[in-house]
Amino acid sequence: MSNVKKVSNQIMVVSEQSCGRPCTYCLHALKWLPVLFSLSLSSWSYYAYVWQFCRLIIQNEFNKYIYLTVFHVLLIMMETCYLRTIFTRPKMVPEEFLIPENTLEAYRNNPDNREVQAALTSLGSRLPIKTVTFLGGLRICDHCKLIKPDRAHHCKVCNRCVLRMDHHCPWINNCISFTNYKYFVLYLTYAFTYCLFIMSTTFPYFMVAWGEKFQDQTCRYHVLFLFLLSSIFGFGYFTLLLYHCCLVLHNRTTFESFHPPVFRDGGIDKHGFYLGACANFKQVFGVSCWRWLLPIPTSLGDGLDYPVRSQDASKESGSR
Ligand SMILES: [Zn+2]
Ligand SMILES: [Zn+2]
């Protein structure tokens, strides 16, 4: 018992000491580098497209007006979704999921103790929990000292349990979770459309620039890079978007596609949260279609309690 206390105390002392270290601040600053890179790239694309391409190359005034209007709408939507994905922090796990200190201490000393198991079972029975560990026990997070809600997982980077955790994304320096998953999928959608638009409008001029028929060399390089980078990033966004569309329509997270949930009643079932493609889509995007494409919160539920498909359907797919 004393060892456990000693170990936990050591962890506390180390974390308290490391909080004030300059290297900790450097580490936190480093985590923002991918975000800074992404914002710099979109700033350059703005300058290259608006100033170099539309102002200096496009001669037709009507085309210029259309290009600039569509470009600005896509850029605003893409950046709004990006910033909302970054700054929407995961929702905290409510207090009722916390394990009392004495129960946790007893659990750490002897997880198989009957009294401890009874106390945890009693605690778990008051919570909306349908998933368990592979051995059938409650999913406990020793770091956060709580019973994990369904679909919640501990993120080692954020150092906390995250509701409906999809994955931790270094490009947004945040966890993709219940609170920002819709914004993330929308960001992929707008970013792909943005790249596709730049690609299609610069393509004729890219061919000219490739043939070195441009008098202005600066302008030529901007057009070349606009087309090449939008093609490369467009392909990357398209692949990611396709994957997440599949996840949305199957009501599955990235984490669950590699580690299927174990249900208290039905056992391991990777389709456990499947409600039908349309209902799955509404779980993330909500019910009113005019709000689907807007970066506003419309996901259904509270992030703690999720509807599952009927037991009959589970058995049918299990017997297949
Ligand atoms: Zn945790
Ligand atoms: Zn995280």
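Note that ligands are numbered from 1 as they come in the structure, with each ligand's atoms numbered from 1 the same way. Sequential numbering from 1 along the given sequence is applied to the chain's residues.
Distances under 2.8 Å from the Zn ion (ligand 1) pick out the protein N/O/S atoms C141 SG, C144 SG, H154 ND1, C161 SG.
Contact annotation: the side chain of T189 never approaches that of H244 to less than 4.5 Å [non-hydrogen atoms, C-beta and beyond].
Here the two rings, on H222 and Y205, have centers that are 6.0 Å apart or farther.
Ring geometry, Y67 versus F197: the interplanar angle exceeds 60°, so the pair is classed perpendicular (tilted spans 30 to 60°). Ring pair F178/Y306 is perpendicular by interplanar angle, where above 60° counts as perpendicular and below 30° as parallel. Classification of the F281-W292 ring pair by plane angle, with boundaries at 30° and 60°, yields perpendicular.
The name of the N, O or S atom in H168 nearest to the Zn ion (ligand 2) is ND1.
When only modelled atom types and interatomic distance are considered, Y243 and S257 share a side-chain donor-acceptor pair under 3.5 Å.
Identified under the side-chain hydrogen bond (donor to acceptor under 3.5 Å, both in side chains) test for residues 122-133, with sequence neighbours left out: S122-R126, K130-D305, T131-D150.
The Zn ion (ligand 2) forms the vertex of an angle spanning SG of C175 and SG of C158; to the nearest 10 degrees it equals 120°.
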